[in-house]
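As the structure lists them, so they are numbered: ligands from 1, and atoms in each ligand from 1. Keep in mind that this is a model prediction, so the values were computed, not measured.
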Amino acid sequence: MAYFPNLPKVSYAGTDSKGDFTFRYYNPDRVVLGKKMSEWLPFAMAWWHNLGAAGTDMFGGNTADKSFGQVPGTMEHAKAKVEAGFEFMQKLGVEYFCFHDVDLVPEGATVQETWDRLDEIADFIEEKMKQTGLKCLWGTANMFGAQRYMNGAGSSNSVDVYCCAAAQIKKALDLTVRFGGKGYVFWGGREGYETLLNTDVRFEQENIASLMTMARDYGRSIGFTGDFLIEPKPKEPMKHQYDFDAATAIGFLRQYGLDKDFKMNIEANHATLAGHTFQHELRVSAMNGMLGSIDANTGDYLLGWDTDEFPYDIYETTNAMLEVIRAGGLTGGFNFDAKNRRPSNTPEDMFHAYILGMDAFALGLLKAAELIEDGRLDGFRAERYSSWNTELGRAIREGKTDLASLAEHARTLEGWPNPGSGRQEYLQRVVNEVLFG
Ligand code: XUL
Ligand code: CO
């Protein structure tokens with residue numbers, strides 16, 4: 001049975017194409033800086049948004065039909081979602097999927113009942129993976145939706161809730177390993193606080209670190225060789241979330257000795273909620289050797305919450321791809337943690353959204369590669385620091401100086417030094433020139 005019978009297989013047709021269901025930039029076999037586009041851009045479908053989200057918001061119910069011909073909340077519906085998802089990925093040429101445990105099946109009344117359902121759906125998914133060659137990018141456990149997690153999961157005040165979180169992580173890791181997933185994500189949806197009046201921050205953070213350590217040890221013991229990933233987000237749903245941004249999460253991982261096994265999964269909309277650019281979060285992760293994966297979406301700069309829109313802004317994707325190329329690529333991939341706008345409620349809109357996102361990143365990749373080949377950005381950056389390519393500069397970098405000798409150097413300068421122009425407007429012109437000719 002076809003779930004998207006009126007929608008074609010989408011392929012590359014070039015920039016002259018007038019077809020609505022074609023890629024203009026995403027050409028998987030095209031080689032860019034020595035690697036195929038499909039290798040630079042391992043795209044993934046987010047099970048929850050694409051197969052689950054039906055347009056509900058705070059003010060109204062569903063606008064889209066994601067029943068796929070079955071009654072939501074049943075195993076038949078869970079299976080229909082698998083079939084629809086695999087058809088969707090095949091038609092779009094999306095090679096990977098990402099999932100939370102409860103995206104796959106409705107949660108049962110007990111841990112065991114949920115596990116049984118997960119085992120049943122996992123058999124079905126594994127079969128589909130074999131038939132199609134499609135793969136799993138990462139798995140995770142939803143430890144934020146259920147009532148029991150209202151005070152957090154790893155940060156919960158209840159030791160029983162903490163153990164329920166452990167149970168979900170264990171099972172989600174089992175599934176991730178079964179599916180050959182490249183990563184396992186921790187997004188700390190309720191790991192934070194609403195008020196410090198009732199919260200022991202240090203106690204909660206130590207407990208989260210222990211849970212992650214046990215997850216790491218369990219994962220490695222069952223043969224998981226991929227990356228554990230933290231997905232930073234500063235707020236929403238909690239007033240304050242502990243994994244505020246990449247710098248905070250990296251500090252936490254180092255404090256608790258988890259930095260060898262964990263990397264970052266950077267989401268564009270989370271970066272802007274933290275008051276950073278997407279590029280900033282990628283840079284901070286990459287310079288610490290922890291750029292693992294990306295949740296590819298974008299926010300709305302006029303709104304203060306996570307709107308999870310499909311990537312559209314070519315400046316943003318170009319700047320992001322500059323960081324990705326300089327880091328040598330991702331160990332993970334690009335998961336479209338994005339949903340159609342509420343009024344974009346047709347199956348066609350689901351296709352338009354992925355075509356938009358995939359083409360936006362493909363064009364960003366092409367433009368970032370052009371900027372690198374053009375050389376003016378990198379050239380100016382090197383020139384800007386050229387005073388360090390001196391005996392004195394090298395001695396400082398190698399830790400061979402002391403404060404007094406530098407002070408003596410400064411004391412004998414003639415007048416005050418001039419560090420030179422930052423040439424921001426010139427560099428922005430260069431970017432525009434490469435983007436628009
Ligand atoms: C929420 C979010 C999650 C994570 C996975 O803001 O991004 O969907 O990606 O739990
Ligand atoms: Co995300």
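Phe23 and Tyr26 have perpendicular rings, their planes meeting at more than 60° on a 0 to 90° scale where under 30° would count as parallel.
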Please list every donor-acceptor pair under 3.5 Å in which a side-chain atom of residues 425-437 meets a protein atom from a residue at least two apart or in another chain.
| unit_1 | atom_1 | unit_2 | atom_2 | d |
| --- | --- | --- | --- | --- |
| Asn432 | OD1 | Tyr315 | OH | 2.5 |
| Glu433 | OE2 | Arg376 | NH1 | 3.4 |
| Glu433 | OE2 | Arg376 | NH2 | 3.0 |

Show the atom names and distances, to 0.1 Å, of all donor-acceptor pairs under 3.5 Å that link a side chain in residues 204-211 to residues at least two apart or in another chain.
| unit_1 | atom_1 | unit_2 | atom_2 | d |
| --- | --- | --- | --- | --- |
| Glu204 | OE1 | Tyr242 | OH | 2.8 |
| Ser210 | OG | Glu206 | O | 3.1 |

Should Trp48 and Asp337 be marked as a side-chain hydrogen bond (donor to acceptor under 3.5 Å, both in side chains) after you check the CA-CA gap, both sets of side-chain angles, and the distance that decides it? CA-CA 8 Å; Trp48 52 104; Asp337 193 355; 3.0 Å; yes

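Between the side chains of Asp295 and Asn265, at least one donor N or O sits under 3.5 Å from an acceptor N or O. A donor and an acceptor atom, one from each side chain of Gln279 and Thr277, are nowhere located under 3.5 Å apart.
Arg117 and Asp101 are not joined by a salt bridge, as no carboxylate oxygen comes within less than 4.0 angstrom of a charged side-chain nitrogen. Salt-bridge formation is detected for the pair Lys367/Glu370: a Lys NZ or Arg NE/NH1/NH2 atom is positioned less than 4.0 Å from an Asp or Glu carboxylate oxygen.
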Can you pull every nitrogen or oxygen pair between ligand 1 and the protein closer than 3.5 angstrom?
| unit_1 | atom_1 | unit_2 | atom_2 | d |
| --- | --- | --- | --- | --- |
| ligand 1 | 6 (O) | Lys233 | NZ | 3.0 |
| ligand 1 | 6 (O) | His270 | NE2 | 2.9 |
| ligand 1 | 6 (O) | Asp306 | OD2 | 2.9 |
| ligand 1 | 7 (O) | Glu231 | OE2 | 2.7 |
| ligand 1 | 7 (O) | Glu267 | OE1 | 2.8 |
| ligand 1 | 7 (O) | His270 | NE2 | 3.3 |
| ligand 1 | 7 (O) | Asp337 | OD2 | 2.7 |
| ligand 1 | 8 (O) | Trp48 | NE1 | 3.3 |
| ligand 1 | 8 (O) | Asp337 | OD2 | 3.1 |
| ligand 1 | 9 (O) | Glu231 | OE1 | 2.7 |
| ligand 1 | 9 (O) | Glu231 | OE2 | 2.9 |
| ligand 1 | 9 (O) | Asp295 | OD2 | 2.9 |
| ligand 1 | 9 (O) | Asp337 | OD2 | 2.9 |
| ligand 1 | 10 (O) | His100 | NE2 | 2.7 |

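Listed by chain and number, Glu231 OE2, Glu267 OE1, Asp295 OD2, Asp337 OD2 are the protein N/O/S atoms closer than 2.8 Å to the Co ion (ligand 2), with waters left out.
For Phe144 and Tyr149, the gap between ring centers reaches or exceeds 6.0 Å.
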